[in-house]
Amino acid sequence: MEYSVLKGTHDVIKDEADAYSAIESLLTTCATNYGFREFRTPIIEKTELFVRTSGESSDIVRKEMYDFKDKGDRNISLRPEVTAGTIRAMINAKLFAIQDFPIKAYYVGPNFRYERPQQGRFRQFNQFGVESVGSDSYINDVEVIVLGFTALKMLGFKNLKFKINTLGDLESRKKYKEALVSYFSKYIDNMCFDCKERINLNPLRILDCKVESDIEIIKGAPKLKDYLNQKSTERFENVLKLLKENEIDYEVDDTLVRGLDYYSETVFEFHYISDLGKNYGAIGAGGHYSELVEQLGGPKVSGVGFACGIERLYSILADNNNLPEINSIDVYVMTMKPDFNEAAFGLVTSLRNCGFSADMNVENSSFSSMFKKAERRNTKLAIIIGQNEIENSVVQLKNLHTKEQFEVKLDDLTDKIDEILEEFEDHDHHHHHEQQE
RNA sequence: GCGAAUGUGGUGAAGUGGUUAACAUUCCUGGCUGUGAACCAGGCACUCGUGGGUUCGAUUCCCAUCAUUCGCCCCA
């Protein structure tokens, strides 16, 4: 093989690409139903944009960004996430001047992080996400959560475990950080290298440490909830209450802090556990941000976002045999001899013009292999043309699912195809319905 | 960035320091068939991931590299 794909990248083709499209279209349809509009922002941005928003101390910025200088000596990065670019776009388009809040955006597209690939994790990966910006109302937090919950359910993730926490507002967090620093400074000499860095860069992230001996120390650390001010506490209570009213089961997890610095108040994650009990971890996550918009030059307003990785969703759905149906074509026209190929091509063209998806064989071979070709294309109907059919202006129309075959006059063909395809759709709907129950 | 395993045809997978790389399956071609079958005959690795080294000789040994998978870190 002359060239292989780069580490952490992959070609998405055929069935997998169909599945990606299906997943993305379900997510975007859902977002549209919730009143979100699509934002397509560039894949490259100034490096500074991500450093500013994700935080200098975040792992994403410190070791995972694809950054480079362009020919004009500008520092550019491939985006590691889409929130920053989306907010930037809102500001550039002066959407905040109209004050029709919240501004609701959704996006789908590639992101890049330089990290070690694993199952469902890539260096170039696609994310779907939403941002609801401009209003501080806790209802927006809940709306985004309900959207995420609903969308993931519709995709076939049934046993979702929804974890939520609050990081409090800037004031609460500042007090809490001070408390953490004074607590951990007593033990820091015995803690891991990363924690020694974190205590200065971002003490909150020590709570995320997985080193066993550190975990013991962390257990005794002050709790954020004891440092929340009245406002943050009430806000969080309102979020929880509204979630309950909308039948979202939650689990408050006070160790939940997110890797990006811009979050404040509500943060959340959707975890998935399969029917067989396998825990896939977080398949979607998000949170509220209060300073991000102002930080990027916009007004002092807050927002809330949610994102999930398409590759991860796909890999879990595939793992559980729960992929959306792949595309099929309506009609496959087959002939045994090249003599009839031109007639077949004429027929295929007219079927396509009538709006059917149709294909034909050009390389004539045995019936056995032609039916296999039709099957590989996931075809619903086959049309067989031979000498008798040409002479009598008819075709043999075969339902590849039931294996029933009819002789149909050319004049009646499209009606008959419509009729049979309708049966297919009824069947599909029924099937789909069963799956959802 | 750290640790471990793997890399032989479309797929699964044997194998050896020495002429034609076993087997299974898929696929393709030809024969016979107006219908996804059966049967017969034949074909499909001339870089055994890539590059280098050891050797008279390497797919088999050594090194590097690339890729995949798993764990850690982190995250979607």
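Per chain, numbering begins at 1; letters A, B, ... match sequence-line order.
Between A:Phe128 atom CZ and B:rC75 atom P the separation is 22 Å, expressed in whole Å. A:Leu313 places its CG atom 18 Å from the P atom of B:rC75, with the value rounded to the nearest Å. Between A:Arg123 atom CZ and B:rC73 atom P the separation is 18 Å, expressed in whole Å. One atom, CD of A:Glu389, and another, C1' of B:rG34, lie 8 Å apart when rounded to the nearest Å. The separation between A:Leu400 atom CG and B:rG36 atom P is 12 Å, rounded to whole Å. One atom, CE of A:Met370, and another, C1' of B:rC28, lie 15 Å apart when rounded to the nearest Å. Remark: P of B:rC2 and CD of A:Gln118 are 15 Å apart, rounded to the nearest angstrom. One atom, CD of A:Glu375, and another, P of B:rU26, lie 14 Å apart when rounded to the nearest Å.
Listed nucleotides: B:rA76, B:rC28, B:rU35. Nearest to the side chain of A:Phe371: B:rU35. Among the nucleotides B:rA76, B:rC73, B:rU35, the one closest to any side-chain atom of A:Ile384 is B:rU35. Among B:rC70, B:rC74, B:rC28, the nucleotide with an atom closest to any side-chain atom of A:Arg376 is B:rC28. Taking only side-chain atoms of A:Arg312, from C-beta outward, the nucleotide of B:rU35, B:rG1, B:rA76 with the closest atom is B:rA76. Taking the side chain of A:Pro117 as heavy atoms from C-beta on, and the options B:rC72, B:rG34, B:rU68, the nearest nucleotide is B:rU68. Proximity note for A:Arg116 (side chain, C-beta onward) versus B:rU69, B:rC74, B:rU35: the nearest is B:rU69. The side chain of A:Phe367 sits closest to B:rG34 out of B:rG34, B:rC28, B:rA76.
A:Gly281 comes within 4.0 angstrom of nothing in the nucleic acid, heavy atoms only. Looking at heavy-atom distances under 4.0 Å, A:Asn388 makes contact with a base. Using a 4.0 Å heavy-atom distance criterion, A:Glu311 is classed as making no nucleic acid contact. When heavy atoms are screened at a 4.0 angstrom cut-off, A:Phe122 is found touching base atoms of the nucleic acid. Within the nucleic acid shown, A:Ile310 has no heavy atom closer than 4.0 Å to any nucleic acid atom. Nucleic acid contact for A:Glu269: none, since no nucleic acid atom lies under 4.0 Å from a heavy atom of the residue. Residue A:Glu81 is classed as having no contact, given no heavy-atom separation below 4.0 Å to the nucleic acid.
Taking atom C1' on both nucleotides, B:rG10 is separated from B:rA64 by 30 Å, rounded to a whole Å. Here the separation of B:rA21 from B:rU16, taken at their C1' atoms, is 9 Å to the nearest Å. Rounded to whole Å, the C1' atom of B:rA45 lies 13 Å from the corresponding atom of B:rA22. Nucleotides B:rA58 and B:rA67 have their P atoms positioned 27 Å apart, rounded to a whole Å. Separation of the C1' atoms belonging to B:rC32 and B:rU25 is 24 Å when rounded to the nearest angstrom.
At the phosphate of B:rC27, OP1 or OP2 sits under 4.0 Å from a side-chain N or O atom of A:Lys372. OP1 or OP2 of B:rU65 has not a single side-chain nitrogen or oxygen of A:Lys7 nearer than 4.0 Å. Residue A:Gln405 has no polar side-chain atom (N or O) positioned under 4.0 Å from OP1 or OP2 of B:rU35.
Ring geometry for A:Tyr289 against A:Tyr262 counts as perpendicular: the plane angle is over 60°, on a 0 to 90° scale with 30° as the lower cut. Ring-plane geometry between A:Phe162 and A:Phe149 is classed as perpendicular, the angle between the planes exceeding 60 degrees on a 0 to 90 degree scale with a lower cut at 30. Between A:Tyr106 and A:Phe128, the ring-plane angle classifies as tilted under the 30° and 60° cut-offs.
Heavy atoms only, all atoms of each residue included: A:Thr335 and A:Ala344 are closest at CG2-CB, 3.8 Å. The two residues A:Thr266 and A:Arg235 have their closest heavy-atom pair at OG1-NH1, 3.5 Å. Nearest heavy-atom pair, A:Pro80 versus A:Met65, reported as atom, atom and distance to 0.1 Å: CG-SD, 3.8 Å.
Pairing for B:rA76 is absent, judged as Watson-Crick or G-U wobble with the two contacts each under 3.5 Å. As the counterpart of B:rC61, B:rG53 is assigned, both hydrogen-bonding distances of the Watson-Crick or G-U wobble pattern falling under 3.5 Å. For B:rG42, the paired nucleotide is B:rC28, the pair qualifying as Watson-Crick or G-U wobble because both relevant distances are below 3.5 Å. Across all strands shown, B:rU6 forms a Watson-Crick or G-U wobble pair, both distances under 3.5 Å, with B:rA67.
Geometric assessment of A:Arg123 against the ring of A:Tyr114 yields a positive cation-pi assignment under the 6.0 Å and 45° thresholds.
With hydrogens and angles left out, the side chain of A:Glu115 and the base of B:rA76 share a donor-acceptor pair within 3.5 Å.
Crowding of A:Glu375 atom CD: a count of heavy atoms from other residues, nucleotides or ligands under 6.0 Å not exceeding 12.
When each of A:Gly386 and A:Arg113 is assigned the nucleotide of RNA chain B bearing its nearest heavy atom, the one mapping closer to the 5' terminus is A:Gly386. Comparing A:Ile283 and A:Gly8 by the nucleotide of RNA chain B whose heavy atom lies nearest to each, the residue mapping closer to the 5' end is A:Gly8.
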